[in-house]
Amino acid sequence: MSDQTTDSDLEGQIAHRTRKAEDLRGKGVNPWANDFHVTHAIADVPRDIEKLPTEDQIAEQDPRYAVAGRLLQMNEKGKVAFLFLRGDRGEMIQLFVKVNYEKAFALLKDLQLGDIVGARGQMFKTRIGKAAMRVEELRLLTKAIRPLPGKLLGGQDVKDVESRYRQRYVDMISHPEVAEVFRKRARLVTEMRRFFDDRGYVEVETRTLLSTNGGAAARPFVTHHNTLDMNLYLRIATELDLKRLVVGGIDRVYEIGRIFRNEGMDRFHNPEFTTIEFYQAYATYEDLMVLTEQLFERLAVAVCGGTEITYQGQSLSLKAPFCRLSMRDAVRAALPDAPVDDREALVRYVTQRLHETPHTEHAGTRMDYGHALTHLFEEHVEGTLIQPTFITEHPIEVSPLSRRNDRTPEFCDRFELFLVGKEFANAFSELNDPIDQRARFQSQVALKAAGDTEAMDYDEDFCRALEHGMPPTAGEGIGIDRLAMLLTDQPSIRDVILFPQLRPEGA
RNA sequence: GAGCCGGUAGCUCAGCCGGUAGAGCAGCGGCCUUUUAAGCCGUUGGUCCUGGGUUCGAUCCCCAGCCGGCUCACCA
């Protein structure tokens, strides 16, 4: 205790706290003890002021509670001290330590903010009418060698988002509301599982490493297997394996899993993210629209308590039914002069517009009717779809895995669900005609040869699977991170991913 | 990948016209037997993101880089 450390920089504080821990060990106190028995969560300790005795009314038979939590504040007042501990949900308990309880009082000088502390005692009402525990036993359970930055109680919030994302543990200590976002995300996923389990879907886990890239339009990550001495792709979708399982006889199947796309990062994109994909035999995309409405309603109720929610100041209603609109009608409404039904004229129309707006990098490798229509939709409609809207009848060129519509084979039996101007779900009646599927893969290969880095590989095994016969099936994928953003009202995908991708910390 | 904005004490931030830096909180040493973001006395702490340049002199001006945020492009 003779240390006269005056350093207040980080190294000095760490050194001081480390010496403190060593001193304690020298006195026979384990600074990282694990023999304290908690009887109650801090949240579960009764604190109804009306029912609590004043200090001199405490009776020997009044219940005792043993709690533990992080020490966030210490007010020492001579021969008495008040401490605040915070528990696992961000709730606080006030401790009252008097000089009369000698051992407990003596420990105070070895405690520092951020330490994990255990306390045992009886609850009472302080002179200013606050609930507090009169501590009979006080224990240091974990010495925090490194001081916590910023706000504990009082002090300032840590606002530097970089350190918040890099050191999520610190972020969560400083901001209990951050932990709450991730609890809600967990609730969302749990509820989603229940929803599908209740309907007889089987949850599976398929492979992440693949030798062919498919199931979506995206650039993959490449990795290398040493023993096989071959490059493998990290999956960009779970689609093809799940449909293999439908061929194999699991009529209702889903996977909640991480997928990887080697593309840009921004407020709505992280290189690894989580999707649910589900497939149901003998269903159509129209059945899935109804199912999707039920799912979104249920998730909103479970996470937000109702179907009327707010996202970043916008009021949204997730109450069924959602609006349904074909892509052509949507484009027509936004651009009355676009020749939506004339395939060649529409390509010319879009090509001309692209020349007029030179800032676009859009490659000329895939300008056909389907891409032209989709381009107009994405440019002029997508961002305006605030309330939940199903966009149906996508062109075949942008849907290499979807079933053609029986009446208008240039379009397919597909929908995407949009909300707050973003895509949230993508679903279609699955293409199960192996001959057509081979042709679609062929055109993907041609696109890839022409420089389209997002085109799929020809998946021979998948075609072979379809040749064995896949029942008529509908399938859907939903981005869980975006859904979590929506239901927790977070502005950035980084706020719903525990450890979002950042550049490595500089040396 | 492009544009804009930012990086100063552990945290939040000031810092004028270029003269090598301040506050609050945290820390450290005291005082106080009912505090509530306690109070009072004293006190420590800085690679001003990095590297160049201009200058007698750079946290400040210029250039390059690193990291982050936002917008745009690609994508979900």
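- Base pairing analysis places B:U71 opposite B:A2; the two distances defining the Watson-Crick or G-U wobble pair are each below 3.5 Å.
- Among the nucleotides B:A76, B:U33, B:C32, the one closest to the side chain of A:E76 is B:C32.
- Atom CD of A:Q13 is separated from atom C1' of B:G27 by 5 Å (rounded to the nearest Å).
- Spacing of P atoms, B:C49 relative to B:U44, comes out at 24 Å, to the nearest Å.
- Residue A:K448 qualifies as enclosed at atom NZ: its count of foreign heavy atoms under 6.0 Å is above 12.
- Residue A:D56 is classed as having no contact, given no heavy-atom separation below 4.0 Å to the nucleic acid.
- Following rounding to the nearest Å, A:M92 (CE) and B:A37 (P) show an atom-to-atom distance of 10 Å.
- When the P atom is used for both B:G10 and B:C4, the distance is 31 Å, rounded to whole Å.
- As rounded to whole Å, 20 Å separates atom P of B:U44 from atom CG of A:L10.
- A donor-acceptor contact under 3.5 Å is formed by the side chain of A:Q94 with the base of B:U35.
- Closest to the side chain of A:L502, from the set B:A76, B:G69, B:C74, is B:G69.
- Around the CD atom of A:E205, the shell of radius 6.0 Å holds no more than 12 heavy atoms that belong to other residues, nucleotides or ligands.
- The CE atom of A:M485 sits 4.5 Å away from atom CZ of A:F268, with the distance rounded to the nearest 0.5 Å.
- When distances are taken from the side chain of A:R166 to each of B:G68, B:A76, B:A73, the shortest belongs to B:G68.
- In this structure B:C61 sits in a base pair with B:G53, meeting the Watson-Crick or G-U test at under 3.5 Å.
- Atom CG in A:N262 sits about 13 Å away from atom P in B:G1, given to the nearest Å.
- Across B:U35, B:A76, B:G69, the shortest atom-to-atom separation from the side chain of A:E263 is found for B:A76.
- In this view, A:R235 and A:T206, A:E255 satisfy the side-chain hydrogen bond (donor to acceptor under 3.5 Å, both in side chains) rule, not counting sequence neighbours.
- Atom CZ in A:R267 sits roughly 13 Å away from atom P in B:A73 (whole-Å rounding).
- Counting to the nearest Å, the C1' atom of B:C28 and the CD1 atom of A:I14 are 16 Å from each other.
- B:C32 is unpaired under the criterion used here, namely a Watson-Crick or G-U wobble arrangement in which both key atom distances are under 3.5 Å.
- Judged by Watson-Crick or G-U wobble contacts below 3.5 Å, the nucleotide B:C48 has no partner.
- A gap of 24 Å separates the P atoms of B:U8 and B:G3, to the nearest Å.
- The environment of A:E102 atom CD is sparse: at most 12 non-hydrogen atoms of other residues, nucleotides or ligands sit within 6.0 angstrom.
- For residues 474-486 of chain A, proximity to RNA chain B is found at A:R482, defined as any non-hydrogen atom under 4.0 angstrom from a strand atom.
- The nearest whole Å value for the distance from the CD atom in A:Q501 to the P atom in B:G69 is 12 Å.
- Nucleotide B:C25 forms a pair with B:G10, judged by Watson-Crick or G-U wobble geometry with both contacts under 3.5 Å.
- A pairwise comparison of heavy atoms in A:C412 and A:I396 identifies CB-CD1, 3.9 Å as the closest pair.
- Contact check, A:H16 against B:C28: a side-chain N or O comes under 4.0 Å of OP1 or OP2.
- Across all strands, A:D266 comes closer than 4.0 Å to base atoms (heavy-atom distances).
- Only the C1' atoms considered, B:A21 is 11 Å distant from B:A9, to the nearest whole Å.
- Atom CZ of A:R219 has 12 or fewer heavy atoms from other residues, nucleotides or ligands within 6.0 Å.
- For the C1' atoms, the distance from B:A26 to B:G45 is 11 Å, rounded to whole Å.
- Remark: A:R146 CZ is loosely packed, at most 12 non-hydrogen atoms of other residues, nucleotides or ligands lying under 6.0 Å away.
- Using cut-offs of 30° and 60° for the angle between ring planes, the A:F96 and A:F82 rings count as tilted.
- Atom C1' of B:G65 sits at a distance of 30 Å from the matching atom of B:G22, rounded to the whole Å.
- Closest to the A:K130 side chain, of the nucleotides B:U35, B:U33, B:C67, is B:U35.
- With the nearest nucleotide of RNA chain B identified for both A:P491 and A:G264, A:P491 has the one nearer the 5' end.
- The 5' end of RNA chain B is approached more closely, in terms of each residue's nearest nucleotide, by A:P147 than by the other of A:K98 and A:P147.
- Atoms CG (A:N75) and C1' (B:C40) sit 14 Å apart, rounded to a whole Å.
- In terms of phosphate contacts, A:R127 brings no side-chain nitrogen or oxygen within less than 4.0 Å of OP1 or OP2 of B:U33.
- Between the P atoms of B:G24 and B:G39, the separation comes to 12 Å (whole Å).
- In this structure, A:F424 does not pack face-to-face on the six-membered ring of B:A76, missing the 5.5 Å centre cutoff or the 30° plane limit.
- Rounded to a whole angstrom, the distance from the C1' atom of B:A14 to that of B:C72 is 34 Å.
- Dashed line: the shortest gap from a side-chain N or O of A:Q112 to OP1 or OP2 of B:C28 is under 4.0 Å.
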Contacts table for residues 419-427 of chain A: side-chain donor-acceptor under 3.5 angstrom, sequence neighbours left out:
{"unit_1": "A:N426", "atom_1": "OD1", "unit_2": "A:R414", "atom_2": "NE", "d": "3.0"}
{"unit_1": "A:N426", "atom_1": "OD1", "unit_2": "A:R414", "atom_2": "NH2", "d": "3.3"}

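- Checking B:U33, B:G69, B:G27 against every side-chain atom of A:R494, the shortest atom distance belongs to B:G69.
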